[in-house]
Amino acid sequence: WAAPAVAETYTVDTIADALLASEGRLSDLRLDYTFTHRAWNKPKGPMLVTQAIFAQKISKRSAERLRYLDCEVRVVDPNTKNRILQDHTLASFNGEATVILRRKVNSGRPMKGYVLGGYKSDAFGGYAWDPHTKIWYYHTKMSLGAFLKKYASEFRVESQSEALDGIPTTKLVGTWQDSHNGQSFTMKLWVSPERSFLPLKRQIIDVDGTMLSETALYDLVQLPNGMWYPKTIRSPAEPPGIAHPAVAHIYDI
């Protein structure tokens, strides 16, 4: 008789370390994706659609990762098929300088380009984060692993084994006070040790119990290096945990 498998017990610290290690293994990455921003209750209404390429690479000659982001944003009307260009920007960081090229121009005017010394994170942000940041970061300048490290004393493991779409996860819950505005928020985070510690679902909740945001990962695929990655990201989840979501954000990678 085979002995029953004993599930490993995780702590907030071990989950934080695993998140940092797993994201660090994605050192050479390129994502071709579409990002859709639309009203939640109007799936056939006008929407902002971004076609983009994101790439990053860890380099020994730079403390910051080398980055590349090429975004083309259009207002799309599914009914009339009109597609109006709103923005088309290319940004890259080569370890020494950030280069920005504004490709959307008015008639008869040249493109505008900028070369800025050092890494300028604002060139890679905007209203729509790239999918990798959306998955692995609490905000653009702090990864989820670093966030859990910072507020480890405020978090606890609520469940060692909770299934999401049939995938076992470890669920963490914590309430912390934001250092910028003094407000308190609660995060619920589901991490899958069986899927290279992907943060499969995340919810941010206000002190009055109102859910402020929700993100969930779907259509997981295994990469050649053994890591797992989603092909779809939804905010809110499907079905939504938010009672009356205003907008829907969907990444198709």
Side-chain angles (χ1 to χ4, degrees), residues 19-37 48-76 83-150 178-181 198-199 202 213 215 217 223 225 227 229-231 233 235 247 249-253:
L19 284 169
L20 290 169
S22 292
E23 196 274 333
R25 287 184 62 194
L26 297 162
S27 57
D28 300 317
L29 184 70
R30 169 177 164 154
L31 304 174
D32 295 54
Y33 67 94
T34 301
F35 169 70
T36 303
H37 169 111
L48 277 178
V49 178
T50 300
Q51 294 286 144
I53 299 171
F54 168 79
Q56 70 172 18
K57 183 180 180 67
I58 294 178
S59 171
K60 293 181 180 180
R61 60 189 177 90
S62 173
E64 297 287 347
R65 298 178 184 187
L66 310 187
R67 292 181 185 270
Y68 176 97
L69 182 62
D70 189 355
C71 283
E72 185 176 348
V73 185
R74 295 181 182 272
V75 177
V76 177
R83 299 172 60 87
I84 303 172
L85 182 66
Q86 291 290 103
D87 184 42
H88 191 184
T89 300
L90 170 65
S92 65
F93 174 67
N94 65 357
E96 297 178 358
T98 300
V99 178
I100 303 170
L101 178 63
R102 306 291 186 191
R103 288 176 165 166
K104 182 179 183 292
V105 297
N106 295 322
S107 179
R109 295 187 179 182
M111 296 182 187
K112 290 184 179 181
Y114 308 87
V115 180
L116 308 173
Y119 175 67
K120 307 300 180 185
S121 60
D122 292 346
F124 302 91
Y127 77 95
W129 297 357
D130 63 82
H132 190 76
T133 302
K134 186 74 172 177
I135 296 167
W136 293 99
Y137 282 69
Y138 169 64
H139 54 67
T140 55
K141 296 181 180 179
M142 181 179 289
S143 68
L144 271 176
F147 176 82
L148 286 180
K149 285 280 189 183
K150 181 177 181 179
D178 191 290
S179 58
H180 296 289
N181 54 29
L198 269 176
R202 185 192 328 175
S213 68
T215 298
L217 315 183
L223 305 179
N225 66 350
M227 298 289 290
Y229 217 83
K231 293 181 68 178
I233 306 172
S235 296
V247 298
H249 285 176
I250 303 170
Y251 291 83
D252 293 305
I253 304 171

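Computed from heavy atoms alone, side chains included, the values below leave out hydrogens, waters and symmetry copies.
Taking every heavy atom of both residues into account, Ala123 and Ala91 meet most closely at O-CB, 3.7 Å. Of all heavy-atom pairs between Arg103 and Leu90, the closest is NH2-CD2, 3.6 Å. The two residues Leu144 and Ile135 come nearest to each other via the heavy atoms CD1-O, 3.7 Å. In this structure, Asn225 and Arg25 approach most closely via the heavy-atom pair O-NH2, 2.9 Å.
In this structure, the ring pair (Phe, Tyr, Trp, His ring centres under 6.0 Å) partners of Tyr138, at least two apart in sequence or on a different chain, are Phe147, Trp176.
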side-chain contact (heavy atoms from CB on, under 4.5 Å) between Leu101 and Thr89: does it pass, once the steps are laid out? CA-CA 6 Å; Leu101 178 63; Thr89 300; over 6 Å; no
What's the verdict on side-chain contact (heavy atoms from CB on, under 4.5 Å) for Ser143 and Leu19, showing C-alpha distance, side-chain angles and the deciding distance? CA-CA 9 Å; Ser143 68; Leu19 284 169; over 6 Å; no
side-chain contact (heavy atoms from CB on, under 4.5 Å) between Leu217 and Leu198, intermediate numbers included: CA-CA 9 Å; Leu217 315 183; Leu198 269 176; 4.0 Å; yes
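In this structure, Arg67 contributes its side chain and Phe54 its backbone to no donor-acceptor pair below 3.5 Å. Under a 3.5 Å cut-off, the side chain of Thr215 and the backbone N or O of Ser235 do not form any donor-acceptor pair. Using modelled atom types, no side-chain atom of Ser59 and backbone atom of Leu66 make a donor-acceptor pair closer than 3.5 Å. With hydrogens and angles ignored, the 3.5 Å screen pairs a side-chain donor or acceptor of Gln56 with a backbone N or O of Leu26.
Here the straight-line distance linking atom NZ of Lys134 with atom CZ of Arg202 works out to 7.5 Å at 0.5 Å rounding. The NZ atom of Lys57 lies 13.5 Å from the CG atom of Asn94; values are rounded to the nearest 0.5 Å. Note that CG of Leu20 is 8.5 Å distant from CG of Leu148, once rounded to the nearest 0.5 Å. To the nearest 0.5 angstrom, Leu29 atom CG is 10.5 Å from Ile58 atom CD1. Note that CZ of Arg30 and CD1 of Ile53 are 4.5 Å apart. Values are rounded to the nearest 0.5 Å. With rounding to the nearest 0.5 angstrom, the CG atom of Leu31 is 12.5 Å from the NZ atom of Lys231.
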Kindly list each side-chain donor-acceptor pair under 3.5 angstrom involving residues 108-116, sequence neighbours excluded, with atom names and distances?
none

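Under the 4.5 Å side-chain criterion, counting only non-hydrogen atoms from C-beta, Ser92 is in contact with Val99. The side-chain heavy atoms of Lys120 and Asp122, taken from C-beta on, include no pair separated by under 4.5 Å. Between His88 and Asp70, the closest side-chain pair of non-hydrogen atoms falls below 4.5 Å. Glu23 is listed as a side-chain neighbour of His132, based on a closest heavy-atom distance under 4.5 Å.
When Tyr137, Tyr119, Tyr68 are each tested for a ring-ring contact (aromatic ring centres under 6.0 Å, His included) with Phe124, only one passes: Tyr119.
Ring orientation note: the planes of Phe35 and His249 are nearly perpendicular, at an angle over 60° on the 30°/60° scale.
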